[in-house]
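Notes follow the structure.
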Amino acid sequence: MDESSSVWLVVGLGNPGPEYAGNRHNVGFMVADLLAERMGGKFKRAGKAQAQVVEGRFGSPGPGSRRVVLAKPMSFMNLLGGPVSALRDFYKVPVAGVVAVHDELDIDYGVLRLKLGGGDNGHNGLKSMTKAMGAEYHRVRFGIGRPPGRMQVADFVLKDFGSAERKELDYFVDRAADAVECLVTEGLERAQSAYNS
């Protein structure tokens, strides 16, 4: 995955619709939106795939820059494997060239972990992607922490970030976007040493 001609598919995980926009589960969409803004692009419906995409490049012009398709699947989280797989086929992206940006319960709020492959840890979006194309894709895991008290996980992930969390959210989303760019342009090891906190 290091030839400059190859395409990366960066998928922000989330649920479509304004009522979900600020949810913890939608942090992948937030990172994808920021990356699109940095590339100067706007999300558009992608042909027959149930997704919105922006095409562009990461990295400074020249041999170090990488062709990237940013995607936000427009199906619900537990069904997004289909749209992601369709995009992967359309753009001819190997599984290892796919990056899923998603919320992660088992990591403290705002902490990032990057990895290649692994389990789904009960995350319905990852479960759906793995079922559709195998597990050997990259993940940028954005920590949201565990629900307080006895709150159900499903209720927690579908709630908006709290007011204290929102104070730092822009900073953490910005850092996650930096981590995605570093992963694509400089490789997993470099990105892990810079961003795995």
Side-chain angles (χ1 to χ4, degrees), residues 9-37 43 50-52 70-84 87 98-133 135 137-184 188 191-192 195-197:
L9 175 61
V10 175
V11 185
L13 273 55
N15 286 309
E19 67 273 33
Y20 298 105
N23 289 181
R24 291 181 177 91
H25 226 14
N26 272 42
V27 76
F29 274 18
M30 297 173 197
V31 174
D33 285 338
L34 179 58
L35 287 166
E37 202 179 294
F43 278 100
Q50 248 191 310
Q52 293 182 349
L70 288 175
K72 296 196 297 186
M74 291 290 113
S75 64
F76 285 98
M77 194 69 88
N78 56 343
L79 299 171
L80 60 74
V84 173
L87 289 172
V98 176
V99 181
V101 185
H102 64 91
D103 57 304
E104 177 64 64
L105 287 159
D106 284 338
I107 303 174
D108 289 341
Y109 175 59
V111 172
L112 295 176
R113 292 270 189 281
L114 286 77
K115 69 175 190 171
L116 175 63
D120 57 55
N121 208 14
H123 193 294
N124 288 333
L126 297 181
K127 206 174 284 182
S128 183
M129 281 179 65
T130 297
K131 191 175 172 193
M133 62 185 197
Y137 51 91
H138 287 86
R139 294 106 192 273
V140 174
R141 303 153 72 209
F142 185 111
I144 60 168
R146 281 261 158 208
R150 297 179 172 210
M151 187 189 285
Q152 294 296 310
V153 164
D155 295 333
F156 180 68
V157 299
L158 293 176
K159 279 210 174 357
D160 286 3
F161 286 100
S163 55
E165 292 171 321
R166 280 200 298 273
K167 290 188 176 114
E168 297 180 294
L169 184 59
D170 287 348
Y171 168 76
F172 288 141
V173 167
D174 193 66
R175 193 164 179 273
D178 290 346
V180 172
E181 290 196 43
C182 182
L183 167 63
V184 169
L188 180 61
Q192 283 175 325
Y195 294 98
N196 275 15
S197 35

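Throughout, numbering of the chain's residues begins at 1 and tracks the sequence.
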Notebook entry, point to check: Any idea which heavy atoms bring Leu79 and Ser128 closest together, and the distance?
Noted result: C-OG, 3.5 Å
Note to self: So that I can tick it off, tell me whether Glu165 and Arg24 are bridged by a salt bridge, with the cut-off set at under 4.0 angstrom between side-chain N and carboxylate O.
What the structure shows: yes
Next item on the list: Find the distance between CG (Leu87) and CD (Gln52) and round it off to the nearest 0.5 Å.
Entry: 11.5 Å
Notebook entry, point to check: Where does the angle between the aromatic ring planes of His123 and His102 fall among parallel (under 30°), tilted (30 to 60°) and perpendicular (over 60°)?
Noted result: perpendicular
Check: Any donor and acceptor pair, going by atom type alone, linking the side chain of Arg166 with main-chain N or O of Phe161 inside 3.5 Å?
Finding: yes
Check: Any Lys/Arg nitrogen of Arg146 or Asp106 sitting under 4.0 Å from an Asp/Glu carboxylate oxygen of the other?
Finding: yes
Check: Rounded to the nearest 0.5 Å, how far does CG of Leu169 lie from CG of Asp174?
Finding: 11.0 Å
Note to self: Rounded at 0.5 Å granularity, tell me how far CG in Leu70 sits from CG in Leu35.
What the structure shows: 5.5 Å
Notebook entry, point to check: Of the non-hydrogen atoms in Pro83 and Pro73, which two are nearest, and what is the gap between them?
Noted result: CB-CB, 4.3 Å
Checklist line | Neighbour count above 12 (heavy atom, 6.0 Å) for Lys131 NZ | finding: no
Notebook entry, point to check: Roughly how far apart are Met30 CE and Asp170 CG, rounded to 0.5 Å?
Noted result: 9.5 Å
Check: Between the side chains of Asn23 and Asn15, is a donor N or O closer than 3.5 angstrom to an acceptor N or O?
Finding: no
Check: So which heavy atom on Pro16 is nearest to which on Ser75, and how close?
Finding: CD-O, 3.4 Å
Next item on the list: Examine Arg175 relative to Tyr171 and say whether NZ or CZ is less than 6.0 Å from the centre of the six-membered ring and inside a 45° cone about the ring axis.
Entry: no
Checklist line | Nearest non-hydrogen partners of Phe43 and Ala36, listed with the distance | finding: CE1-CB, 3.6 Å
Next item on the list: Locate the shortest heavy-atom distance separating Phe142 from Ala176; write the atom from each residue and the value.
Entry: CD1-CB, 3.9 Å
Next item on the list: Could you tell me whether Gln152 atom CD has more than 12 heavy atoms of other residues or ligands within 6.0 Å of it?
Entry: no
Margin query: So, taking the atom named NZ in Lys72 and the one named CG in Leu80, what distance separates them when rounded to the nearest 0.5 Å?
Written below: 13.5 Å
Check: Leu114 and Ala179: which non-hydrogen atoms are nearest, and at how many Å?
Finding: CD2-O, 4.0 Å
